[in-house]
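Please read the structure below before turning to the comments.
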Amino acid sequence: MSLIRDAIDAVRRLVPEALPGALPSEAPPDPLIDARRVIGTPLSRVDGPLKVAGKARFAAEVPLDGLVYAALRYSAVARGRIAVLDTAAAEAAPGVLLVMTHRNAPRLSPPPLMMADPRGAAASSLPVMQDATIRWNGEPVALVVAATQEQAEHAASLIRIDYEAEAAALSFDAAKPHAAPPGDILGEPTTIKVGDAEAAVAGAAFRVDRIYRTPRHNHCAIEPHAVTVAWEGDSLTIHDATQMVHLTRSTMAAVFGIAEEQVRVLSPFVGGGFGNKAVWNHHVLAAAAARMVNRPVRLALSREGVFRATGGRTLTEQRVALGAKADGTLAGLIHSGVTGITSHNQCPEQFSFPARHLYAADSFLITQSAVELDMVANTFMRAPGESIGTFALESAIDELAETMGLDPVELRRRLEPERDPTSGLAFSSRHLVEAYRRGAERFGWDRRNPTPRARRDGDWLIGQGVATATYPYYRMPGGEARIRLRADGHAVVQMAAHEMGMGTATVQAQQAAERLGLPVERVTFEYGDSALPRGTLAGGSSQSASIAAAVAAAQAVLVEQLLRLAGNDSPLAGLKPAEVEARDGGLCYRDDPRRCESYASILRRAGQDELVAEAAAPPPAETQAYSMHSYGAQFCELRVNAVTGETRVTRWVGSFNTGRILNPKTAASQFRGGIIMGLGLALTEETLFDERTGRIMNPSLADYHVPVHLDVPEIDVIWNDIPDPHSPLGLHGIGEIGITGVGAAVANAVHNATGIRVRELPITLDKLL
Amino acid sequence: MRFIINGQSVERALDARTSLLDLLRDHLHLTGTKKGCNQGACGACTVLVEGERINACLALAVQYQERPITTIEGLGEEVALHPLQRAFIEHDGFQCGYCTPGQICSAVGMMAEAGRGVPSAVTADLDGDSVDLTHDELRERMSGNLCRCGAHNGIIEAIQAAMAPAPAQAAPVKEDAR
């Protein structure tokens, strides 16, 4: 049972009661779907001055009286037991207050698992430091608390640990024959079968049937995970870097057996998340240690610790088989494969999702299975599944286009479905062909030479490639917002949301200002604190839609309260909520703009300094009525050195359809950020996992290669800006779509440059020589 | 030990193992300088020592006594930002903001290096008195500062904008010259 499945069930239960006799598809569009007073303006980040001045305070920077520092030791085997544990030298080391191991750690409940338990934020359900058993190479086995970080780290190095190692499941290839389908893929069926796709592909006029491989990745947010924790009696305060403050609160409450109200999680700034900033062992260990030493404790993971004690994207092996008829339409589409997971998490890496929605075909076989390995729990990383699923699918489409002698953009146009090809639902908003048209024009695709290895500049082979980007629209259930409207005409909008660089603090103030009819300078958005109304997790590119829906609900309550408060002396007297709109710092009659009263006037007459309205967002019924996805076209130009095999990306155009854009400045950065992480996925990134020991061999930013400035060309991003009539404000979240399609666009361009088809990421020099 | 940080003299008794980065963050609460890797790979801890950029995580505090150190806090404050800080905001040269102080300090040091003619891996003329900071030069010279959010374009644009003469100081443009 996943969170998404829970949400779907909640919608099915709630919708008939909420809208008697009405299908969700009949819900009217958000009245602000075309509003452009504040929405759509390129406002600079409101937290910019704090961030550029170094004054934004992150989790490892909160000063507390009596603070002490923790360091971790990690297991050196993948599976087995701790046989010898000698902590005497560490305990005697200068400044040491505590050496915590499974022998003296408090008894704690296992953390509720994300996507499985509605309270869960934990990326793994394993108990934390409760026994001598080792379950992955890098599992925290001891923690030292000392007066300084230096003392803690030195003492941790003095602990002597020997292991009784046991045979571990580490080899993906060895485990593959035992691959089994998970129960579901994030609430979606594991397998979709329409017709006999194998027979259709086998009998088709044009065929592509290939295996693609993608490696493990790590998120590598520049801020390593950190918590600063303090107990006061049985109440716990956690200064955290998290994408889910409320789920962290409920998870920690469950682990320590205290009420959720006794836990407060604050996370005003997060130095990058990308899916990785959930609850891992360090949260539990820091809080347990703080309780034992009766002092506030800071546990900031080292960079190596981030690789050992938090997981990344898992590896996959995917098969894509396409069978096309002479007219360029598909007789059969097969996308299947295997991912590596663990027995203690629920993150199937949904690589098969894009193929469910992208192309029309007469028959489909879409299925994925998984093998369980002894490794740190793999987890959600920017466009989990879609990022690497589009590498395989969109590479195969390019191979098919080449086989057929068709332009790959034209092939995709011929494969464009009228309805969602596997669910049969209508698309809420697609416009992919338009994104391709605009992107191709911007890029100059019509001047591309389709013949591989035909363009050359000295030692450099030049190539161009294209691929489709796609990512679902999600809106999470359960979000609540509060609006505090003050008599001075300022509004504070509160929801325990997250700002990891997406622009939340800025963009949510913009959309709330639009909703309230206020200038954006008079709206403050407060977030990142579990004491605020319940936020939904920042994941699945869902947060903006989740917040917009909650704020709209709270504003509707606020309007009712204002009309009641306004009374008979107001120009608004006698009007119903549906007859007024928020404008110019107050409410106005829709049919007569002269009948207005400002918020300040209403509140003053009523003798109130403040009016507070709070409401929960309605369940995300729209996702049940429609196939809701974002789309894009990624165009890449690159050079491959014929002597060294080095690939340099020189030009990029990303053309997207993602509903409407709330802030073009921050949106462009999010698209670019996704594309740049995609360049790493395509060319340099790979977490090296030693299958003999289960050890990650490149746990550093020196050895795990993320794109640097010289790897990044100027990236041109454009968008259709067509509102989705079925989403709040007509928006789609855009945090993840940027990375999708990038791996394939690069691989397709490399093929165009060199004639070499690389089907295993990353596309390193050795594969091109 | 006595240190000169952002023009102010401070004294601290320190463990000799303390890095300059931990001195700033843990002992002086100057947390604008960030810890991203603690091994010189990410540049988030970049500060200026006598105007030159260094990774504070690879420097022992004890080595930097009595030498003027500038951190992001000394470059400009929220209400009186350095032109480069303002340009980073205008050009969206950051998202999460964690690598940002290091990027900005690094850019200040980098511009001074180019002004002194220090060549980079992409400099054609190794004997020049100063280096023209082309797009490639800027990208090469800033490659020691990692950004994972992907603000690279905005960072380079911000540096270019800060290098350009301010509009108010630029020569007036005649109407017929446009």
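Chain naming here is simple, since letters A, B, ... match the order of the sequence lines and numbering starts at 1 in each.
Between the side chain of B:S143 and the backbone N or O of A:V708 there is no donor-acceptor pair closer than 3.5 Å. In this structure, B:Q95 contributes its side chain and A:S669 its backbone to a donor-acceptor pair below 3.5 Å. The closest donor-acceptor contact from the side chain of A:R45 to the backbone of B:F94 lies under 3.5 Å. Looking at B:R139, its side chain does come within 3.5 Å of a backbone N or O of A:V712 through a donor-acceptor pair. Put simply, the side chain of A:K665 gets close to the backbone of B:E90: a donor and an acceptor are under 3.5 Å apart.
Contact annotation for B:H82: neither backbone nor side-chain heavy atoms come within less than 4.5 Å of a heavy atom of chain A. Interface residue A:A56: only backbone heavy atoms are found under 4.5 Å from chain B. At a 4.5 Å heavy-atom cutoff, the contact between A:A60 and chain B is made by backbone and side-chain atoms alike. Only the side chain of B:D15 comes within contact range of chain A, judged by heavy atoms closer than 4.5 Å. Neither the backbone nor the side chain of A:F307 comes within contact range of chain B; no heavy atom of the residue lies under 4.5 Å from a heavy atom of that chain. No part of B:E157 comes within reach of chain A, as not one of its non-hydrogen atoms sits under 4.5 angstrom from that chain. Of the atoms belonging to B:Q85, heavy atoms from both backbone and side chain fall under 4.5 Å from chain A. Interface remark: B:R17 contributes backbone and side-chain atoms alike to the contact with chain A (heavy atom separation under 4.5 Å). Neither the backbone nor the side chain of B:L30 comes within contact range of chain A; no heavy atoms are under 4.5 Å apart. With a threshold of 4.5 angstrom between heavy atoms, A:I676 approaches chain B through side-chain atoms but not through N, CA, C or O. With a 4.5 angstrom heavy-atom cutoff, A:S700 touches chain B via backbone and side-chain atoms both.
Contact check on A:K55 versus B:E77 returns no salt bridge, with no Lys/Arg side-chain nitrogen under 4.0 Å from an Asp/Glu carboxylate oxygen. We find that A:E61 and B:R25 are joined by a salt bridge, their nearest charged nitrogen and carboxylate oxygen being less than 4.0 Å apart.
Other residues, nucleotides and ligands place more than 12 heavy atoms under 6.0 Å from the CG atom of B:D125. When the shell of 6.0 Å around CD of B:E78 is examined, it contains more than 12 heavy atoms from other residues, nucleotides or ligands. With a 6.0 Å radius and a threshold of 12 heavy atoms from other residues, nucleotides or ligands, B:E66 has its CD atom above the threshold.
Taken to the nearest 0.5 Å, the CD1 atom of A:I675 stands 13.0 Å off from the NE2 atom of B:H152. Within the model, atoms CZ of A:F58 and SG of B:C96 stand 5.5 Å from one another, a figure rounded to the nearest 0.5 Å. A distance of 9.0 Å separates NE2 in A:H219 from CZ in B:R148, rounded to the nearest 0.5 Å. Between atom OG1 of residue B:T100 and atom CG of residue A:L50 there is a gap of 12.0 Å, rounded to the nearest 0.5 Å. Here CG of B:N38 is found 12.0 Å from CD of A:E304. Values are rounded to the nearest 0.5 Å. Between A:Q149 atom CD and B:D26 atom CG the span is 7.0 Å, to the nearest 0.5 Å.
Contacts with chain B were tallied for A:G680, A:P49, A:P63; A:P49 has the most, counting heavy-atom pairs under 4.5 Å. When the candidates A:V270, A:L710, A:T666, A:L67 are compared by the number of heavy-atom contacts under 4.5 Å with chain B, A:L710 comes out ahead. In terms of non-hydrogen atom pairs under 4.5 Å with chain B, the most contact-rich of A:R672, A:Q151, A:K51 is A:K51. Heavy-atom pairs under 4.5 Å with chain B were tallied for A:R298, A:M502, A:E685; the largest tally goes to A:E685. Across B:G97, B:G32, B:G144, the residue that shares the most heavy-atom pairs under 4.5 angstrom with chain A is B:G97. Between chain A and the residues B:N145, B:L75, B:T18, B:V79, the largest count of heavy-atom pairs under 4.5 Å involves B:T18. By number of non-hydrogen pairs under 4.5 angstrom with chain B, the leading residue of A:A53, A:G271, A:P42 is A:A53. Among A:E223, A:M677, A:Q670, the residue with the largest count of heavy-atom pairs under 4.5 Å with chain B is A:E223.
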Legend entry - From CA spacing to verdict: side-chain contact (heavy atoms from CB on, under 4.5 Å), A:E150, B:D22: CA-CA 9 Å; A:E150 289 81 11; B:D22 285 347; 3.0 Å; yes
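When all heavy atoms of B:G36 and A:P224 are compared, the pair lying nearest together is O-CG, 3.6 Å. Closest approach of A:G54 to B:P101, counting heavy atoms only: CA-CG, 4.1 Å.
Taking the side chain as every heavy atom from C-beta outward, B:F88 and A:S44 never approach each other to under 4.5 Å. No side-chain heavy atom of B:L138 sits under 4.5 Å from any side-chain heavy atom of A:H709.
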